[in-house]
Amino acid sequence: MSATATEAPVKIRQTKLLINGEWVDSASGKTFDNLNPATGEVVARVAEGGKEDIDRAVLAARRAFDDGPWRTKFSSRKRGELLYKLADLIEKNADELAALETLDNGKPISETRYADLPLVVQCFRYYASLADKIHGEVIPVEGKPGTMFCYTLREPIGVIGQIIPWNFPLLMAAWKLGPALAAGNTMVLKPAEQTPLTALRLGELITEAGFPPGVVNIVNGFGETAGDALVKHPGVDKIAFTGEYKTAQIIMANAAQTLKRVSFELGGKSPNIVFADADLDQAVKGAMAGIFFNQGEVCCAGSRLLVEESAHDAFVEKFAAAANARKLGDPFDPKTEQGAQVSKEQFDRIMSYIEIGKKEAQCVAGGERFGDKGYFIKPTIFTGVDNKMRIAQEEIFGPVVAVQKFKNPQEVTRVANDTIFGLAAAVWTRDISKAHRIANEVRAGTVWINCYNTFDSAAPFGGYKYSGMGRELGVDSVYAYTEVKTVWTNLR
Ligand code: ADP
C-alpha cells in the first residue's frame, strides 16, 4: 500500500487474479493502484493481468469447457441451483459488496445498496430460473410425416471473454455472467481498471457457491493489454463487451481475425421528450433521474432533453431548482444523492465538455466542480441547445444535460433520431396514443413512457445503431450465449 493510502470504510479482502479456481499474482508480479474517487487516494494495489495471465485464464476456461465436469456433471438444472446459491450469497453479503462498490466507483451508498445490489441478486435469480428452460424445438420439415425427424439444440458457445465497464461494475458482471453461466459457457471476465474490487469479491462467492474451477476466471488489467489479449486469443469463442463505441470498433476489428462472435452494449445520447400535456412535476423527477442518476455515468442517460416550446420555460425553472437542490457529497453518507465521478480522467473529460457547452449554449445550473477534493461535478443544465452542437451529439457520460425546444411531434421525432446512437428514449405525455406513436418512430432499443431508467432482468436491453449489437437481459441474452444445432434423422 502506498504512503497516501487511507483507512477504507470497508475491508478489501481480495486483490489477486482468479484463474482456475485459485487466487494468484500476475505473471509479471505487477500491480496497479486502485483509487477512491471521492478522495483521489489509493485504497488498494490490485494484481495487473497481462497477456500471459490471459493465456492462463483462457486455458483454464477452455479446459473447464472442453474436458471438465461442467459439461458432463452439471445439468442445466444444477447450473440453475448454483446460480440460486450465488444469488443467496450475494444477498447475504450485500452490505459489504455495496460498500466496496461505493468505495471503488464513488457512487452513493444509497444507490449501491438499494439499486445496484438488488438488481444483481434479481439478475442471478432470473437466470437461475431460466437455466433449465433453454431448449431447442422440433421442426416440421418437408416430406411425409414420420419420415424425417428434425430438431434443434441450444448449446453453449464455449469460452466467452467478457469485458465490462466501471459505471455499474457488479451489475455489469451479473448481466454478463448470469445468462452465460445459465447456458453452460465458461468465462474470462475482465473488469474495468477503474473498478476492480467487487468482481474479485464476487469471484470469492462464485467459488463458495460451488462453481467448478476454471468456469469463471477473473483477470483485472488494462484494456490495451489484458483486454486486447482476450479479444485476440484464438481460444476464445465470443467477446461480450460493454463500453464506448470507439472501443467496440477496435474490438470488432481485432475479433474479426478469429471470427469471434461479438455482442456489444454501448453508449447513447438518449432523447428524453417532454410534451406540454405531461404531468410536469413527474417529468421533472424523470428528467432528474434520467440524467443525474449514477452521476450521469449511465449509457442510457437522458442527456438530450427535448421540451415542447409552450412548456419549456416552466419546465426549465422547476428542473434547474431541483438540480440545484440535489445533495452532493460523501458517497458513504446515506443522504447523499450524487457522489464522485469515477476518475480524474472522466472528471477532466466532463469538465472539458462543460467548457464547450458554455461556448455553445446557456448554462442555467451547475457548470462547475463541487468542493475541492475528489471528482465531484454539480448537476449541469444547458438550454438554448441546437441538435447540431457537440453537447447534443457527443456522449459526455456525466451530469450534463442539453435542453432543446420543439414545436410538434413530427419535429421532435426527427430531432430524437438525429444521432448516431439508439440506446433509449423517453416520452412524457398524458396522451397515450401520441406516446405510442413516438415509441414506434424512435429508433432506440428501449422506450420509456412516463418513466425513466426502469430495469428488470426479464426486459431486454440494448441498442440500435452505434449503441450496440444484440440484447442483454431477458431470454434474448441467453440466446446470445448459445449456438443453435440442427439435427436431422432419417426415419425411413
Ligand atoms: P472508458 O473509456 O469509459 O473507460 P472503455 O470502452 O474504454 O470505456 O472501457 C470499457 C472496458 O473496455 C474496460 O474494461 C476497458 O479496460 C476495456 N478496453 C478498453 N480498450 C480495450 C481494447 N482495446 N481491447 C479490449 N478491451 C478494452
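Quick caveat, the model's predicted, so the values are computed rather than measured. Every heavy atom of this structure was used, including side-chain atoms; hydrogens, water molecules and symmetry mates were not. Order of listing sets the numbers, starting from 1, for every ligand and every atom in it.
A donor-acceptor distance shorter than 3.5 angstrom exists from the side chain of Asn387 to the backbone of Asp418, with no hydrogens or angles considered.
Gln341 and Gln295 share no side-chain donor-acceptor pair at under 3.5 Å.
Listed by chain and number, residues touching ligand 1 at under 4.0 Å (heavy atoms only) are Ile163, Ile164, Trp166, Lys190, Pro191, Ala192, Glu193, Gln194, Gly223, Gly227, Asp228, Val231, Phe241, Thr242, Gly243, Glu244, Thr247, Ile250, Ile251.
Phe65 carries Arg71 over the face of its six-membered ring, with the cationic atom under 6.0 Å from the centre and within 45° of the normal.
A distance of 13.5 Å separates CE in Met389 from CZ in Arg304, rounded to the nearest 0.5 Å.
The ring of Trp175 has its center no closer than 6.0 angstrom to the ring center of Tyr126.
Annotation: ring-ring contact (aromatic ring centres under 6.0 Å, His included) contacts of Tyr464 (sequence neighbours excluded): none.
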